[in-house]
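Ligands are counted one by one from 1 in listed order, and the atoms in each one are counted from 1 as well. If you're wondering where the values come from, they're calculated on a predicted model, not measured in any experiment. Starting from 1, each residue takes its place in the sequence as its number.
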Amino acid sequence: MAAETPAERIAALRAVIDRHAEAYYEKDAPEIPDAEYDRLLRELLDLESEHPELATPDSPTVRIGGDINTAFSPVVHRVRMMSLHNAFDIGELESWSERVERRLEGNAVPEYSVELKFDGLAISLRYENGVLVQGATRGDGAVGEDVTHNVRTIADIPQRLPAGAPAILEVRGEVFMRLSSFAALNARQKAEAEATGKEPKLYVNPRNTAAGSLRQIDAAITADRDLSFFCYQLGSVEGGPALATHTETLEWLGSLGFPINEHTVTCSTIGEVAERVEELNAARHDLDYEFDGVVVKVNDLRLQNELGADAKAPRWAIAYKLPPEERTTTLLDIEVSIGPSGQATPFAVLDPVFVGGVTVATATLHNQDQVAAKDVRPGDVVIVRRAGDVIPEVVGPVLSERDPASKPWTFPTDCPVCGEPLVRPEGVAATHCVNFHCPRQIRGRIEHWASRNAMDIEYLGEKNVDRFVDAGLLHDVADLYSIDFDVILGMDGFKEKSVANLRHAIEASKQKPLGNLLFGLRIPEIGQVNAQTLAAAFGTMDRIVEASVEEIAAVDGFGTVIAESVHAWFSQDGARDLVDRLARAGLTMEAAQVDESVEKTLDGQAVVVSGTLEGFTRDGAKDAIIARGGKSPGSVSKKTLALVVGGDPGASKVTKAEEAGVPVIDEAAFVRLLETGQLPEGLDS
Ligand code: IVH
């Protein structure tokens, strides 16, 4: 088996865990021991914390609606952990304060406590008689997860309170990771990777790393992550002192040993608040932690009480969200990368800069016109922006800092990989390397050929393709079938076993159906579905090669654009020779006989299959659908008739189907669907 990517492993784990959770909780019939279930969940948690970009709200590691992650016990918050309403500009802040004043009619204009909105994970800490007894995440606000064992490892959080602490005290605040701790963690990851010769697994940003670290099953991992804490609110309290304002509350919490943030101030007008927001925004880069906004709270606790809350958030507070973060850095160079299909994309090489929670060292500049419009030049000081999860963007140059001798950047005339001229047709934004023999494109074509939905050649990952192309062993996909395995055996890192695996995988690909082969050729306009249609319509490769534009255009659903593309591809230099070599190597050049006696129960309908079925191979299921006049695309859309799920289906497909209202059926229902064209009762629309 080719090594699974983290995304594939995560999807597989989620599907298996969901299935077992259902068997355990809903059917009361567990299929695996608890320890095995915990092991799966732990593996998923670890992967999600290593790859926070792959975390999703529907993962079994995250509570869904009222469901709680089974790895952590549920904690019912005695006082709800509410959210905050947002203001995105000063006008919205002013409207909020006007609403507050209107509601408090007759009372004096309130004083505000203005503090940072820390970018981490909210936590509620419960102390009984001065001893920390529980730490819980916010969850859905009503019910959170018990992470006491992890919270105990955070040095900022007191385990015991001084004498005189109230009988019950719940303190709320934010767990976060300091930028210095985040940098140290990544430096450690790098050093460890270097020592073992592996690719370093770097954490993407402090916020996700902090959240992932707190939601570990193994507290030793949390302890190792150097998390910090600031408190900002009280939950339920029994036996505390009488407090009149939020500021007093914070001071009191400080006296009990809780870290309170030193940047909190009080303001008596909303104008002062606005000034403070500006000050804090300007100081955004001076602190050792991130904040993504400013929280403004009515300071008087009596007034807070009077204002109350709506379903989501208190009326006495608002979060002012700071604009997307922008920083300046030096544009070291503009380079052009060549994609697998030859597209030439300019990108900025930057002096690495930490912006919007990640270190940015490169940023795409999209195409020639974009570079010209921004007029960014190597050597310029440029503004880099990153908002939320959006890809980083070079906004433009700081002209006052430009070297007067600098010249506009010009797009290279030749491909940086093969040296042949680049081409940009008139009226088109993209520039391409059109050299069919460009090594980048050769690699791109071979990678595509080997990919799962094409010829599915395991063990031939991108790295191996690179090495074999560089070593001159591969020039096109047909070379795979006469590759010299002895040479590979002599290459670094290859052993008898790995070469045997590769040989076997290449050999097995010869049996792939004609539709896969056509898709593997990467003919423009010919995706998976069109490739299947083409194979089914002509039956043999010879007929496709010989077909005229008109004949191809006549295929149901094709038309001239697709037909011209196919025709042009087979007419280009070397194409027929390539097809001949593939045929001589023994690849499948004929579509599976369409059995005319098979009833066309699925005429024109799309059925997607995900996961392993017992009675069908992956291709067998597709063939069965196609033989009945249907299509079997790789992804679910609104038009899909049904999603068939076997063992370990792709979680994203299932979610997509549910969102699009596409029926999800099992193998037995699939067999009936093939026979009758009917979905199980109640699922048909
Ligand atoms: S007060 C009832 N203060 O923001 C009000 N929240 O969007 C409770 N946050 O879940 C929140 N810094 O994780 C408050 N200084 C601060 C905060 C803060 C960050 C987070 C907190 C909360 C979220 C609400």
Side-chain angles (χ1 to χ4, degrees), residues 57 62-63 75 77-88 92-93 96 100 112-125 135-145 147 151 154 156-157 170-178 206-208 210-215 227-237 245-247 249-251 253-254 258-267 273 276-277 280-281 283-284 287 289-301 303-322 357 388:
V62 184
R63 236 171 340 79
V75 172
H77 297 301
R78 288 159 186 88
V79 174
R80 265 185 69 119
M81 289 185 78
M82 299 203 93
S83 179
L84 289 170
H85 288 302
N86 293 320
F88 292 95
E92 289 182 9
L93 196 60
W96 167 75
V100 165
Y112 301 102
S113 170
V114 182
E115 57 198 63
L116 300 180
K117 185 169 191 296
F118 313 106
D119 205 3
L121 184 77
I123 195 94
S124 183
L125 304 170
T137 62
R138 177 170 158 229
D140 65 1
V143 184
E145 293 159 337
V147 287
V151 158
I154 301 174
D156 276 354
I157 294 180
E170 279 180 12
V171 175
R172 269 109 196 240
E174 199 87 349
V175 168
F176 63 97
M177 188 177 262
R178 290 183 183 272
R207 187 197 47 219
N208 291 359
S213 304
L214 197 61
R215 300 180 74 260
L227 298 174
S228 299
F229 176 72
F230 279 129
C231 67
Y232 49 62
Q233 210 66 33
L234 283 178
S236 89
V237 186
T245 62
H246 180 65
T247 323
T249 308
L250 293 179
E251 277 166 11
L253 286 171
F258 291 97
I260 49 171
N261 186 264
E262 79 257 36
H263 300 289
T264 302
V265 298
T266 49
C267 295
V273 173
R276 180 64 184 160
V277 165
L280 291 172
N281 195 20
R284 215 164 163 184
L287 305 184
Y289 48 86
E290 297 191 293
F291 58 100
D292 59 345
V294 176
V295 183
V296 187
K297 298 173 180 170
V298 169
N299 202 20
D300 187 316
L301 298 180
L303 297 185
Q304 283 193 2
N305 204 28
E306 206 175 316
L307 287 161
D310 59 26
K312 177 188 164 221
R315 294 195 190 91
W316 45 262
I318 192 140
Y320 180 90
K321 294 291 245 182
L322 293 175

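In this model, a donor atom of one side chain and an acceptor atom of the other lie less than 3.5 Å apart for His246 and Glu115. Neither side chain, Asp300 nor Tyr112, offers a donor N or O lying under 3.5 Å from an acceptor on the other. With 3.5 Å as the limit, one finds no donor-acceptor pair spanning the side chains of Asn299 and Ser113.
Closest of all the heavy-atom pairs between Asp292 and Asp119 is OD2-OD1, 3.7 Å.
Partners of Ser213 according to the side chain to side chain donor-acceptor pair (under 3.5 Å) rule, which considers only residues two or more places apart in sequence or in another chain, are Arg225.
No donor-acceptor distance shorter than 3.5 angstrom exists from the side chain of His85 to the backbone of Trp96, with no hydrogens or angles considered.
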Less than 3.5 Å apart, N/O on ligand 1 and N/O on the protein: could you list those pairs with the distances?
residue  : atom   : partner : partner atom : Å
ligand 1 : 3 (N)  : Lys297  : NZ           : 3.1
ligand 1 : 4 (O)  : Lys117  : NZ           : 3.3
ligand 1 : 12 (N) : Phe118  : N            : 3.0
ligand 1 : 13 (O) : Glu174  : OE1          : 2.6
ligand 1 : 13 (O) : Glu174  : OE2          : 3.4
ligand 1 : 13 (O) : Tyr232  : OH           : 3.2
ligand 1 : 15 (N) : Glu115  : OE2          : 2.8
ligand 1 : 15 (N) : Leu116  : O            : 2.9

